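Note that these values count all heavy atoms, side chains included, but never hydrogens, waters or copies made by symmetry. Note that the coordinates shown come from a computational prediction; the quantities given were computed from them, not determined experimentally. In this chain, residues are counted from 1 in sequence order.
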Amino acid sequence: MVHWKMRHLAIFLALITAASVGALQQQPGGSSSIFSQITPFSPETLGVFASVAKLKANWGYSKWKINQKITCDSCIFGFTTLQTLLKLHMPADKIAAIIENICVDLEIEPRLVCRGVLESFRPETFYVLQHVPYSPGEMCNFVTGASCAVDPPGTHWSLPLPDVPKPPAKDIPPPAPNAPRLRVLHLSDLHFDMFYQEGANAECSDPLCCRRENGAPVGKPAGRWGDSRNCDSPVRLMENMFSWISANEKVDYILWTGDLPAHDIWNQTKQMQLLVLKMTTKYLRGFFPNTPVFPALGNHESSPVDSFPPRFINDTNSIKWLYDALATTWNQWLPADAIKTVSHGGFYRVKVFPGFRIISLNTNYCNNMNWWLLINMTDPDNELQWLITELQDAENTGDKVHIIGHIPPGSGDCLRVWSQNYFRIIARYEDTIRGQYYGHEHSDSMHIYYDPANEAHVTGLSFLGPSVTPYQGFNPGYRIYTIDGNYANSSWVSFGLYSPLALWADVMGEFWPRLRSIMRPISLI
């Protein structure tokens, strides 16, 4: 979500920039200035600081607010400053201590949050800054989505498509009224908080509240079933939702599009992430023991968040710990050939019914907060080339495909060049791809895709499922799709959906039954 993108970026870039702006306004020799802790002053360092004055026109020093836009100037200055400190061989611990103090002094976050975020992200950030082939401006293109500099050649890549004529696009007729149909459950963005406490403070100073350590309530206490302020999903909410669905919604399979852990990213470890993976999987198996589940990997599953190094990072920073755990956990739902590619890159293909496949993408390889991609962003782990191969094979055999993932291509959190290649692939195989399903944005919505070669031509529609978590103003929800299948010559298109969303009430024991009774299915044909 944009919320965490801004926090992550601000703590590593804007903090140093903001402190430097303030330093220029202080009297010479002021001990709180970052300058007093940087020696010696090389010409490179002084040249960096010379451009700071113009930044003051963009934002004030006394209160840096996370929700303000990160400008190109502030981003470039932040990256340049960090790289300069590393080139000056300042110890990483000292750099982190400086940033932590700035984070606290500017009231960006409480000290425990500042320290936890820095401890989590420091190894990744410093490693990338020491190996990245791009200039600060070029890096800022990557993380902000803006045009802070001319894109270097390495950021413009285009995958070749097979030299096979594209089948003509055909109109898909509505299914016959008595045709068989499938009902598919879509769950996304659980953000399960095992430490949620009813009656706790839901308006704390931390990014995530409703926990014992957040102190006495300010205003209305945290609710029994959750809270739509800065709070994630309690166990009770998940159990209530899953229990209702399993007892009342007949579904043929489940799409589970990622983001399992809570939003306390400053307080997470690999062990905790794996525990959440096991716990949420156990819940699904418990409530849906005989229902196939097809999962996709979210950006919060790693530790730290958004950190998904491709396979060329094979040292202690490797993501192998997570992919191996996914392979072990998901093997109860997926065949051996799918588990093999999960272990390789967190993506897979599975044949669900005759003539029908599901492809699960690891969209963390398009995530512009996955800073490992700054080292090499050209089709990480060859995922899109693999996708082309799978779609061509499906076309050759006449199979139809649904694609699932977490971050929707084309969103502000997905790299432009990755999205552009994806759009070309979708356009080429529009007759084969009959559905796309994503999450991440927490909103119950849709995206429409157009042919890059003909922007008047629609090539696909992706469905974005609502979040289970109520974090930051959302109502918990799920989606049910009605799909044409499983029979000979099925179109496999989604021709109906409905999305029960929780409307907060003091008593939710009859909540889901009442809600479902007022929901009206939406026809897509």
Side-chain angles (χ1 to χ4, degrees), residues 1-17 48 66 68-84 86 117 120-159 265 299-300 302 304-313 317 319 345 361-384 405-423 440-441:
M1 293 180 68
V2 173
H3 169 82
W4 272 117
K5 172 189 274 193
M6 299 304 288
R7 285 188 188 275
H8 187 171
L9 200 55
I11 290 179
F12 280 97
L13 303 177
L15 292 181
I16 289 182
T17 311
V48 169
I66 296 298
Q68 287 184 276
K69 181 177 176 61
I70 301 289
T71 65
C72 285
D73 281 340
S74 60
C75 178
I76 291 171
F77 183 75
F79 269 132
T80 305
T81 303
L82 278 173
Q83 286 187 312
T84 299
L86 292 171
V117 170
S120 297
F121 292 101
R122 188 178 73 191
E124 171 188 352
T125 304
F126 289 1
Y127 183 100
V128 170
L129 289 177
Q130 290 171 319
H131 293 83
V132 67
Y134 304 124
S135 70
E138 292 163 349
M139 286 188 280
C140 290
N141 287 2
F142 176 92
V143 298
T144 68
S147 297
C148 300
V150 176
D151 284 331
T155 61
H156 288 285
W157 48 272
S158 180
L159 296 178
I265 67 165
N299 63 300
H300 274 264
S302 184
V305 65
D306 297 317
S307 180
F308 291 84
R311 288 175 66 86
F312 62 76
I313 302 295
N317 293 301
I319 195 66
L361 295 178
N362 180 0
T363 54
N364 293 293
Y365 289 151
C366 88
N367 183 359
N368 61 7
M369 291 308 294
N370 183 8
W371 287 11
W372 294 106
L373 303 185
L374 282 166
I375 299 176
N376 185 344
M377 65 182 70
T378 302
D379 193 17
D381 283 353
N382 299 312
E383 180 181 28
L384 288 182
H406 182 65
I407 301 174
S411 78
D413 292 343
C414 186
L415 286 175
R416 287 174 298 185
V417 64
W418 200 97
S419 293
Q420 289 162 359
N421 276 274
Y422 181 84
F423 297 155
H440 186 61
E441 296 189 358

Spatial distance of atom CG (Leu86) from atom OG1 (Thr125) [nearest 0.5 Å]: 10.0 Å

Approximate separation, where rounding is to 0.5 Å, of Cys366 SG and Leu384 CG: 8.5 Å

Over all atoms of both residues, closest heavy-atom pair of Ser419 and Gly410: OG-N, 2.9 Å

Minimum heavy-atom distance between Leu373 and Asn364, given as atom pair plus value: CD1-O, 4.1 Å

Expected output: side-chain Asp381 to main-chain Arg311 donor-acceptor under 3.5 Å: yes

Check against side-chain contact (heavy atoms from CB on, under 4.5 Å), Thr155 and Met377: CA-CA 7 Å; Thr155 61; Met377 65 182 70; 3.7 Å; yes

From Ser302 atom OG to Asn370 atom CG, the distance as rounded to the nearest 0.5 Å: 8.5 Å

CG on Asn368 to SG on Cys414, rounded to 0.5 Å: 8.0 Å

Asp151 vs Val417 side-chain heavy atoms within contact, under 4.5 Å: no

Derivation of the side-chain contact (heavy atoms from CB on, under 4.5 Å) call for Ile313 and Ile375: CA-CA 10 Å; Ile313 302 295; Ile375 299 176; 4.2 Å; yes

CG-OG1 distance between Leu159 and Thr378, expressed to the nearest 0.5 angstrom: 8.5 Å

4.5 Å side-chain heavy-atom contact, Ile265 and His300: yes

Tyr127: ring-ring contact (aromatic ring centres under 6.0 Å, His included) partners, not counting sequence neighbours: His131, Trp372

Sulfur-sulfur distance Cys148/Cys140 under 2.5 Å: no

Heavy-atom pair with the smallest gap, counting every atom of Asn141 and Ala149: ND2-O, 2.8 Å

Residue pair Leu415, Tyr365: steps toward the side-chain contact (heavy atoms from CB on, under 4.5 Å) verdict: CA-CA 9 Å; Leu415 286 175; Tyr365 289 151; over 6 Å; no

Ser158 OG to Asp379 CG distance, which is reported to the nearest 0.5 Å: 11.0 Å

Partner of Trp371 under ring-ring contact (aromatic ring centres under 6.0 Å, His included), chosen from Phe142, Phe308, Phe126, Phe79: Phe79

Over all atoms of both residues, closest heavy-atom pair of Glu138 and Val150: CG-O, 3.7 Å

His156 to Pro152 - nearest heavy-atom pair and separation: CD2-O, 3.8 Å

Minimum side-chain heavy-atom gap Val132-Leu374 below 4.5 Å: yes

Heavy-atom pair of closest approach, residues Pro304 and Ser120: CG-O, 3.5 Å

Side chain to side chain, Glu383 and Trp418, heavy atoms closer than 4.5 Å: yes

